[in-house]
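Only one structure is covered here, and it is reproduced in the block below.
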Amino acid sequence: HYESKGLEVKDVSKEKIGYDLSCESKTLSFGVEVKGTRTAGSRVIVTEGEVRKAEEKKVELFVVSMIEVKYELEKKIIVCSSGQWSILSPWKPLPEALRPKTYDYELPPVEWKRL
C-alpha cells in the first residue's frame, strides 16, 4: 500500500521503537503500527510503547481484520489469507479507548523462603 503511494518503506519491527514500518518520501516521514486480527477489527491489542510512540510522533495504525487462518499440519505451517484492511491516520490513541490487559505488580518487601 505505502510503496504504491511512492513512499520508501523500511521494516523496523525488530528495533522495538514503537511501530513496525518507517515510511518516508521527500515531504513525508511517519511510522506505521501494523495489527492483524481474525475478528471484525473493532479492537486490537497495543502495547504501552506503541501508544507512547503514537503520542510523540506521527504514526498510522494499519489494521488487517477478518483474517482467515488455516493450519497445515503436514507442512507444520500456518497460512493466513483474505481479510480487509483499514488505516487510522494519524493514530492518536484516546485514553478512554484504552483498556488495561495486564499490570506489573511490585511486591512490598517480603521474606523469601527456599522451596
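Small disclaimer: the values here were computed from a predicted structure and weren't measured.
- Tracing side-chain contacts under 4.5 Å through hydrophobic residues (I, L, V, M, F, W, Y), one never reaches Val34 starting from Met66; they form parts of separate clusters.
- Looking at every heavy atom in both residues, Gly6 comes nearest to Ser25 through O-CB, 4.4 Å.
- By the rule that hydrophobic residues join a cluster once side-chain heavy atoms approach within less than 4.5 Å of another member, Val51 and Val12 end up as members of one cluster.
- Around CG of Leu107, the count of heavy atoms belonging to other residues, nucleotides or ligands within 6.0 Å exceeds 12.
- No donor-acceptor pair closer than 3.5 Å links the side chain of Lys10 to the backbone N or O of Cys23.
- Note: the hydrophobic cluster containing Leu88 does not contain Val64 (ILVMFWY, side chain heavy atoms under 4.5 Å, direct or indirect links).
- Under a hydrophobic-cluster definition in which Ile, Leu, Val, Met, Phe, Trp and Tyr are linked whenever side-chain heavy atoms come within less than 4.5 Å, directly or via other members, Ile17 and Leu7 are assigned to different clusters.
- Closest approach of Thr39 to Thr37, counting heavy atoms only: OG1-OG1, 2.8 Å.
- For the pair Arg52 and Glu48, the salt-bridge criterion is met [side-chain N within less than 4.0 Å of a carboxylate O].
- Lys57 and Gly31 get closest at one heavy-atom pair: CE-N, 4.0 Å.
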Test side chain to side chain contact (heavy atoms under 4.5 Å, CB included) applied to Val46 and Glu33, step by step: CA-CA 9 Å; Val46 295; Glu33 179 55 34; 5.5 Å; no
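- Within 6.0 Å of the CD atom in Glu8, the count of heavy atoms belonging to other residues, nucleotides or ligands does not exceed 12.
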From CA spacing to verdict: salt bridge (charged side-chain N to carboxylate O under 4.0 Å, His left out), Lys53, Glu56: CA-CA 5 Å; Lys53 186 56 74 169; Glu56 296 171 359; 3.6 Å; yes
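- Using cut-offs of 30° and 60° for the angle between ring planes, the Phe62 and His1 rings count as tilted.
- Glu111 CD: 12 or fewer foreign heavy atoms inside a 6.0 Å radius.
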Trace of the side chain to side chain contact (heavy atoms under 4.5 Å, CB included) decision for Tyr2 with Ile87: CA-CA 11 Å; Tyr2 294 104; Ile87 298 173; 3.7 Å; yes
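- Linking ILVMFWY side-chain heavy atoms closer than 4.5 Å, directly or via other members, places Leu28 and Val59 in two distinct hydrophobic clusters.
- To the nearest 0.5 angstrom, Tyr19 atom OH is 12.0 Å from Ser13 atom OG.
- Put simply, CD1 on Ile78 and CD on Glu72 are 10.5 Å apart, with the number rounded to the nearest 0.5 Å.
- Smallest separation of non-hydrogen atoms from Ala54 and Lys92: O-NZ, 2.8 Å.
- Listed here is the closest heavy atom pair of Glu50 and Ile45: OE1-O, 4.4 Å.
- By the neighbour-count criterion of 12 heavy atoms within 6.0 Å, atom CD of Glu74 is densely surrounded, having more than that number from other residues, nucleotides or ligands.
- Taking each heavy atom of Asp11 and Leu21 in turn, the nearest pair found is CA-CD2, 4.0 Å.
- No side-chain donor-acceptor contact under 3.5 Å links Lys58 to the backbone of Pro90.
- Within the model, atoms OG of Ser82 and CZ of Arg38 stand 11.0 Å from one another, a figure rounded to the nearest 0.5 Å.
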